[in-house]
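What follows is a set of notes on a single structure, which appears directly below.
Everything numeric in this text was worked out from a predicted model, so none of it was measured. Here is how names work: the chains are called A, B, and so on, in the same order as the sequence lines, proteins then strands, and each is numbered from 1.
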2 protein chains.
Amino acid sequence: MSENLASKITDSELEVMKLLWRTEDALPVTVIREKLQESKGWEPATIKTLISRLVSKGVVRQEKRNVYYYSPVITEKEYSSWATKDLITRLYNGKARDLIASLVNSEGLSQDDIAELRDMFKVEE
Amino acid sequence: MSENLASKITDSELEVMKLLWRTEDALPVTVIREKLQESKGWEPATIKTLISRLVSKGVVRQEKRNVYYYSPVITEKEYSSWATKDLITRLYNGKARDLIASLVNSEGLSQDDIAELRDMFKVEE
DNA sequence: CATTAGAGTTGACAATTGTAGCCTGCAGTG
DNA sequence: CACTGCAGGCTACAATTGTCAACTCTAATG
């Protein structure tokens, strides 16, 4: 959950989460391993460690079948949103608007982005 | 600098940076120590370690006088901006606009914020 | 049923981070 | 000028993170 995210998801762990988020169903290690071994070049042991840590942290759930099937406990949106809020707290005095202002002045946004955002805020309420 | 930020500034180190950013002039350890000892409850040794690490990382510069005076090499804006971009890369597929969209839908922004942002984008270009 | 591949578990090890102590030399004070 | 406090530099140590190996036990396969 956004609020009770006890310990952060680390960079390596995030790669596993991303894979789980991209999938509808729970996945067995075999599948997770196949994908990440290829895309990340990680050894099976590494991947198993990351999964275990995510389970310990409570952000991945394991479901017992023949073999465990893993699925995310938090959604990508929940996590992104939590991480974003965390960034805002730490670097923007808790003001989301300061973050956006910073993006606007600092090549963070393309003209297209800005146009789209203008629309977004127009519709918004 | 935004780009060549080799190693990240950690949470504890960030507290030191914030103090330096808030000050015009370079500061001697004495001053840094006074402020952080009080606000953070850190031992002098801890503060000295943090400063050293920041110097090693190249984000704080030391200037020799009787005693070293310390000042930031990167500005707060540069760092915030870098950290924000990093977040966008890691969690929003590199699309700043997705971050903002996420803020808009998810109690991240107050009505006031939204009103202000609407103005911001109106003026913008 | 014996064999084998691999899931799950435990341990490991280096680098980073959070926190702090020790020692030495200098600078300011009486 | 002797004394003392503290800056600077070095060391330390536990927890976390990035990577991975070894071992055990089970399920699938011939």
Do any of residues 20-36 of chain B sit with a heavy atom less than 4.0 Å from DNA chain D, and if so which?
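Only B:V29, B:T30, B:R33 qualify.
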
Quick one: does [X]'s side chain have a donor or acceptor within less than 3.5 Å of a partner on [Y]'s backbone?
| X | Y | result |
| --- | --- | --- |
| B:E38 | B:K35 | no |
| B:E15 | B:S12 | no |
| B:W21 | B:I74 | yes |

With sugar-phosphate meaning primed atoms plus P, OP1 and OP2, does A:Y69 contact a base, only sugar-phosphate, or nothing at under 4.0 Å between heavy atoms?
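If one applies the 4.0 Å heavy-atom cut-off, A:Y69 turns out to touch nothing in the nucleic acid.
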
Atom-to-atom span, [atom1] of [X] to [atom2] of [N] - whole angstrom:
| X | N | atom1 | atom2 | answer |
| --- | --- | --- | --- | --- |
| A:K57 | D:dT16 | NZ | P | 9 Å |
| B:R65 | D:dG8 | CZ | C1' | 17 Å |
| B:I51 | C:dT17 | CD1 | P | 17 Å |
| A:D11 | D:dG18 | CG | P | 6 Å |

Indicate yes or no: at least one non-hydrogen side-chain atom of A:L54 is less than 4.5 angstrom from one of A:Y70.
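No. Closest side-chain heavy atoms not under 4.5 Å.
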
Would you indicate whether the side-chain heavy atoms of A:T46 and A:K40 approach each other to under 4.5 Å?
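No, their side chains stay 4.5 Å or more apart.
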
Check whether the side chains of B:S80 and A:Y92 place a donor and an acceptor atom closer than 3.5 Å, and report yes or no.
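On atom types as modelled, these side chains do not qualify, holding no pair under 3.5 Å.
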
For A:E13, run the side chain to side chain donor-acceptor pair (under 3.5 Å) check against A:K57, A:K18, A:K8 and tell me which one passes.
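Result for side chain to side chain donor-acceptor pair (under 3.5 Å) with A:E13: A:K57.
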
Pi-cation contact, A:Y68 with A:K64 (under 6.0 Å, within 45°):
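Judged by the rule, A:K64 and A:Y68 form a cation-pi pair.
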
Nucleotides 19-30 of chain D: protein proximity per nucleotide (B base, S sugar-phosphate only, - neither; heavy atom, under 4.0 Å)
BBB------S--

